[in-house]
Amino acid sequence: MVAVQSWGRLEAPQHDTQSLSDRAQVPAQLAAASAARPGLAYGLGRSYGDVCLNPGGLLWQTAALDHYLAFDDTTGILHCEAGVSLRDIQRLCVPRGWSLPVVPGTQFVTVGGAIANDVHGKNHHVAGSFGDHLRRFTLVRTDGSVRECAPGEPMFAATVGGLGLTGVIVDAELQLKRVPGPWLTVETLPYRDLHEFFELADASEAGWEHTVSWIDCLHREGRGIFMRANPADAADVDRAPPAPRAERRVPLVPPVSLVNRLSLRPFNALYYASKGRRATSVQHYESFHHPLDALMDWNRIYGPRGFYQYQCVLPFATGRDGIRSLLDAIAAAGMGSFLAVLKTFGQRASVGMLSFATPGVTLALDFPNEGERTLKLFASLDAIVREGGGRLYPAKDARMPRELFEAGYPRLAEFLPHRDPGISSAMSRRLMGR
Ligand SMILES: Cc1cc2nc3c(=O)[nH]c(=O)nc-3n(C[C@H](O)[C@H](O)[C@H](O)COP(=O)(O)OP(=O)(O)OC[C@H]3O[C@@H](n4cnc5c(N)ncnc54)[C@H](O)[C@@H]3O)c2cc1C
């Protein structure tokens with residue numbers, strides 16, 4: 001047994017692990033192993049909470065399923081194994097004029113993990129989420145059966161956003177999109193309050209492919225920095241900076257969280273002041289989409305107790321008031337971190353039965369783990385989300401109550417019959433009873 005953590009480092013439960021590296025062997029491996037006890041696929045552990053953990057049980061590590069199977073650079077169709085990381089795909093394909101259509105805030109995510117959480121990026125209003133660009137995938141069940149799944153089929157819709165609970169994905173075929181190169185033209189605009197945020201979001205939806213904002217979680221009016229970007233044209237590339245340099249690393253876990261009440265307020269004020277004027281720049285896609293990837297192991301800054309992320313989405317009808325109430329509660333508690341993101345999702349239904357992204361406004365915030373104090377704040381945030389008809393993101397969650405999950409995911413009953421009985425996770429036991 002070895003200790004395995006997810007990105008939030010809240011706990012380090014013991015697991016048996018088994019590396020999957022030969023996809024022809026996976027059906028037999030799953031059937032043999034899960035006869036004894038349930039297992040769960042584990043990609044790169046970039047989920048924050050317990051969706052990728054199976055304490056006391058088995059984890060099938062998928063990162064060695066890392067082969068490319070085919071790439072057609074006239075159509076942009078890529079066929080690869082499910083353990084290939086999004087970073088490797090981008091570094092291979094962007095220089096050839098093709099990009100993944102949807103990327104989350106970190107590139108250290110496997111294709112299988114991106115499907116299982118149906119991840120979203122900064123371009124949801126244009127491209128939807130990861131599952132919208134899947135042509136097919138191969139799913140292995142723990143009874144040893146192999147299923148080819150394509151859009152329109154129930155097992156496809158159950159597995160996209162299915163939290164790893166329907167089987168192990170061993171390979172997938174993705175439709176990439178054309179890009180002129182690795183550069184983006186980025187506009188940075190400060191906003192003074194939530195009203196200005198929503199105006200900017202509305203005004204940017206038609207003409208900008210990527211939109212996102214940093215929000216000062218301690219500021220009651222909800223000031224922040226709005227960023228919008230489009231692929232850069234050739235004229236801009238001449239004045240582009242060099243590609244990002246090699247990553248740096250947080251070398252150790254400090255004895256206490258470096259993010260705390262003393263550090264947060266001055267950091268937020270300084271950051272807002274430093275970006276206080278409208279500006280245009282040309283940025284490499286890695287800097288724009290994945291700024292945190294430049295600092296490896298940054299999750300250590302929260303100290304030995306780890307941290308939570310709280311990410312919710314509220315429908316547009318309740319979003320304006322709801323986000324204000326959430327910020328009020330967070331500011332009143334004096335908690336949160338400088339990693340706080342506010343953005344809108346487009347009017348587009350996701351393909352997965354349990355996909356998170358849905359039309360509305362999403363707020364994501366990191367919180368150092370301060371035990372009961374943090375959980376008490378979350379209970380008050382949950383009440384606002386429930387009242388506003390919203391939902392929380394399982395990829396980021398370690399503690400949402402079961403009734404909030406059931407209320408937020410109305411297709412849960414449709415999903416449950418598709419579960420693989422040989423698969424279980426800490427999250428599925430917490431939210432689905434097994
Ligand atoms: C800094 C940072 C920024 C992030 N930004 C975003 C963002 O902008 N948008 C967003 O949507 N998410 C974001 N995330 C979350 C991240 O994209 C997801 O948690 C993603 O699913 C992690 O992928 P992984 O390969 O690490 O999978 P893991 O975290 O290891 O596993 C996630 C789930 O996928 C399942 N799984 C993994 N591989 C397979 C497989 N082969 N077959 C079946 N199931 C499988 C696991 O069982 C588990 O349920 C961010 C995370 C970090 C750390």
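All ligand and atom numbering here is 1-based and tracks the order in the structure. Atoms considered below: every heavy atom in the structure, side chains included; atoms not considered: hydrogens, waters and symmetry mates.
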Can you list, pair by pair, the side-chain donor-acceptor contacts under 3.5 Å of residues 145-157, counting residues two or more places apart and other chains?
unit_1, atom_1, unit_2, atom_2, d
Ser145, OG, Asp143, OD1, 2.6
Glu148, OE1, Arg136, NE, 3.2
Glu148, OE1, Arg136, NH2, 2.6
Glu148, OE1, Thr138, OG1, 3.2
Glu148, OE2, Thr138, OG1, 3.1
Glu153, OE1, Ala150, N, 3.1

Taking the six-membered ring for Trp, are Tyr308 and Phe367 closer than 6.0 Å centroid to centroid?
no

Quick check: His120 with Phe130 (ring centres under 6.0 Å apart)?
no

Counting only non-hydrogen atoms and a 4.0 Å cut-off, the residues near ligand 1 are Trp7, Leu40, Ala41, Tyr42, Gly43, Leu44, Gly45, Arg46, Ser47, Tyr48, Val51, Cys52, Thr62, Ala82, Pro104, Gly105, Thr106, Val109, Thr110, Gly112, Gly113, Ala116, Asn117, Val119, His120, Leu163, Gly164, Gly167, Val168, Ile169, Trp298, Tyr393, Ala395, Lys396

For the aromatic rings, using the six-membered ring if either is Trp, is the centroid distance between Tyr271 and Trp214 under 6.0 Å?
yes

Is the Phe307-Tyr48 ring centre distance short of 6.0 angstrom?
yes

Would you say CZ of Arg411 has more than 12 non-hydrogen atoms from neighbouring residues, nucleotides or ligands within 6.0 angstrom?
yes

